[in-house]
Number of protein chains: 2
Amino acid sequence: MSAMILVVEDEPAIRELVVLNLQQAGHRPMVADSAEQALALVRESLPDMILLDWMLPGMSGVELARRLKADSRTRGVPIIMLTARGDEQDKITGLETGADDYITKPFSPREMNARIKAVLRRRAPQMAGDAVEVTGLRLDPATHRVTGNDRPIELGPTEFRLLHFLMAHPERVYSRAQLLDQVWGNHVFVEDRTVDVHIRRLRCALEVTGHDGLVQTVRGSGYRLSVHPEG
Amino acid sequence: MSAMILVVEDEPAIRELVVLNLQQAGHRPMVADSAEQALALVRESLPDMILLDWMLPGMSGVELARRLKADSRTRGVPIIMLTARGDEQDKITGLETGADDYITKPFSPREMNARIKAVLRRRAPQMAGDAVEVTGLRLDPATHRVTGNDRPIELGPTEFRLLHFLMAHPERVYSRAQLLDQVWGNHVFVEDRTVDVHIRRLRCALEVTGHDGLVQTVRGSGYRLSVHPEG
DNA sequence: GATTTTTTGTCATCAAACTGTCATAATGGC
DNA sequence: GCCATTATGACAGTTTGATGACAAAAAATC
């Protein structure tokens with residue numbers, strides 16, 4: 001479970017606390033101490049999640065959330081609000097602006113981790129770090145192991161990530177561009193056709209346990225991982 | 001799970017209660033009735049965890065926590081705050097000073113144990129102090145001794161800690177950064193590649209009993225200790 | 001307090017693995 | 001059969017990890 005998480009918090013003490021805890025949990029934190037800086041960072045590279053302080057100097061956290069949810073590029077990024085008090089009205093407003101969850105200060109690191117994991121599981125399953133299994137094909141991010149009917153399968157790093165993503169979102173077609181965004185990263189410049197090659201390498205590797213049929217081509221659209229026979 | 005836990009609490013009744021409960025749970029409690037005495041004790045020997053009363057005569061618990069977190073030697077020791085009431089402001093300040101969790105009095109022994117266990121598991125599972133063994137490779141923290149099939153194995157301090165951590169978390173991949181955090185300490189500034197070198201030294205040492213295969217490389221991700229054959 | 005002995009972090013180098021791209025063959029739809 | 005799309009094999013460049021050497025730092029010894 002290694003997600004890039006942007007922490008937007010102006011108070012240095014709390015910020016450091018959160019960052020430390022995130023690192024402990026194996027995430028890669030980025031920090032911003034204002035909404036403006038956060039926007040700039042997000043423009044550079046899209047994080048997997050944003051922890052957002054309710055109260056910020058300058059542009060408030062609510063306003064920032066609103067903007068992020070208004071932009072199609074950033075809309076999908078889950079947001080967890082950090083709020084000082086458990087004010088019901090705040091909570092309502094927060095959820096209205098599109099926050100995915102809500103943590104009331106003071107929060108224990110355990111609570112924070114639990115909520116982060118829950119949101120990740122909901123919004124970006126491959127980030128949650130759970131093992132996934134489909135008809136005997138099993139991929140465990142924690143041990144970084146792939147097995148087909150309990151026989152080990154060798155995968156390169158890219159094929160691993162690709163399979164991980166596909167298994168986390170089965171029965172759904174993804175275009176090459178989407179796969180490039182999700183598996184390679186949304187900033188790299190790679191030829192579309194490169195996906196074909198990695199799909200082939202993946203199929204090759206899965207062939208030894210007969211699981212290569214799971215990776216299906218959808219002509220004109222992209223690829224899909226499905227348990228249903230092709231066609 | 002047997003950890004050395006320092007209890008800092010001025011009220012004798014509560015202190016005894018806590019100590020009793022800790023012993024019941026198999027831990028080894030040390031006690032201090034003031035922050036000053038706590039500091040002296042910590043100077044002697046580093047506990048695995050500190051239960052710290054919020055209100056203390058003389059130097060307060062908050063101040064003590066702050067000092068402990070400021071010192072690189074003691075920074076890694078998890079702190080659980082004992083607070084009298086669920087005072088919101090107290091909790092905020094507590095977390096700011098770097099407490100890992102807090103327990104609100106009055107607390108049930110079960111709650112206390114649960115939180116202690118959780119924090120220990122999260123922060124320093126290898127602190128549990130029990131000997132670990134994997135397919136004939138045995139590491140005993142108490143005697144600081146490593147054997148492979150009952151034949152002694154010589155390890156440098158860093159290699160020992162590294163192996164200890166890996167054996168306490170088998171079958172799981174850790175990035176170099178994570179290993180640096182966990183084994184070196186999350187405050188040191190060391191080159192990532194240094195991990196490679198120590199992994200190699202560790203493997204070299206384990207080679208004499210044929211246990212070097214346990215330490216596996218996961219290309220692009222990090223290292224893993226596993227009983228399953230590589231790849 | 002000086003001198004060995006260990007331990008540690010860093011580098012340069014080498015081998016192996018991985019990656020992206022292309023040219024070409026194969027395939028499916030019409 | 002023709003066209004668009006995908007599969008495949010080969011390849012060169014790049015990245016990554018292993019390894020041996022080395023000097024600084026720390027610890028132990030005298």
Side-chain angles (χ1 to χ4, degrees), chain A residues 144 146 152-166 173-185 187-207 212-226 229-231, chain B residues 72-73 144 146 152-166 173-207 212-226 230-231:
Chain A
H144 207 278
V146 182
I153 292 178
E154 297 266 357
L155 286 185
T158 305
E159 282 72 53
F160 184 90
R161 289 198 310 277
L162 179 59
L163 179 61
H164 190 187
F165 176 77
L166 289 175
V173 182
Y174 289 93
S175 70
R176 296 179 172 71
Q178 284 176 311
L179 289 175
L180 283 178
D181 275 3
Q182 297 288 339
V183 178
W184 272 253
H187 51 294
V188 292
F189 170 64
V190 181
E191 201 64 39
D192 263 23
R193 290 275 146 221
T194 299
V195 176
D196 298 29
V197 179
H198 283 278
I199 286 283
R200 174 183 147 277
R201 286 170 181 157
L202 178 55
R203 281 171 175 159
C204 262
L206 296 182
E207 210 165 52
D212 54 304
L214 293 181
V215 181
Q216 305 176 351
T217 304
V218 180
R219 194 178 176 82
S221 298
Y223 297 94
R224 167 182 60 195
L225 185 136
S226 169
E230 197 134 11
Chain B
S72 69
R73 195 177 76 93
H144 206 276
V146 182
I153 291 179
E154 297 272 345
L155 285 186
T158 304
E159 282 73 52
F160 182 88
R161 289 200 309 277
L162 180 58
L163 179 61
H164 191 187
F165 176 77
L166 289 175
V173 180
Y174 289 94
S175 69
R176 295 178 173 72
Q178 285 176 311
L179 288 175
L180 283 178
D181 277 2
Q182 298 288 340
V183 177
W184 273 253
N186 41 11
H187 52 293
V188 292
F189 170 64
V190 180
E191 202 64 39
D192 262 23
R193 293 265 144 234
T194 298
V195 176
D196 298 28
V197 179
H198 283 276
I199 286 283
R200 174 181 147 278
R201 286 169 181 157
L202 178 56
R203 280 171 175 160
C204 266
L206 296 182
E207 209 165 52
D212 54 304
L214 292 181
V215 181
Q216 304 176 353
T217 304
V218 180
R219 176 173 255 262
S221 295
Y223 296 95
R224 165 182 64 196
L225 185 136
S226 170
E230 194 137 12

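The model shown is predicted, which means the values in this text are computed figures rather than measured ones. Order of the sequence lines sets the chain letters (A, B, ...), proteins ahead of strands, with each chain counted from 1.
Atom-to-atom, NE2 of B/His198 to P of C/dT8 comes out at 6 Å; the value is rounded to the nearest Å. Rounded to whole Å, atom P of D/dT16 lies 8 Å from atom CZ of B/Arg219.
For B/Arg193, no side-chain nitrogen or oxygen approaches OP1 or OP2 of C/dG9 to under 4.0 Å. Residue B/Arg201 places none of its side-chain N or O atoms closer than 4.0 Å to OP1 or OP2 of C/dT8. Between A/Tyr223 and the phosphate of D/dA7, there is a side-chain N or O to OP1/OP2 separation shorter than 4.0 Å. Listed pair B/Trp184 / C/dT8 fails the phosphate criterion, with no side-chain N or O lying under 4.0 Å from OP1 or OP2. Dashed line: the shortest gap from a side-chain N or O of A/Thr217 to OP1 or OP2 of D/dT5 is not under 4.0 Å. Between B/Arg203 and D/dA18 there is a side-chain polar atom (N or O) within less than 4.0 angstrom of OP1 or OP2.
Of all nucleotides listed (C/dT19, C/dT8, C/dG9), C/dT19 comes nearest to the side chain of A/Thr158. Residue A/Val197 has its side chain nearest to C/dT21 when only D/dT6, C/dC11, C/dT21 are considered. Among D/dT6, D/dA18, C/dG9, the nucleotide with an atom closest to any side-chain atom of B/Asp196 is D/dA18. Of the listed nucleotides (C/dT19, C/dT10, C/dG20), C/dT19 has the atom at the smallest distance from the side chain of A/Pro157.
Side-chain contact annotation: A/Thr217 with A/Arg203, donor-acceptor N/O pair under 3.5 Å present. B/Thr158 and B/His198 form no side-chain donor-acceptor contact under 3.5 Å, judged by distance and modelled atom types alone.
Ring geometry for A/Phe165 against A/Tyr174 counts as perpendicular: the plane angle is over 60°, on a 0 to 90° scale with 30° as the lower cut.
Formation of a donor-acceptor pair under 3.5 Å by the A/Gln182 side chain with backbone atoms of A/Leu179 is not found in this model.
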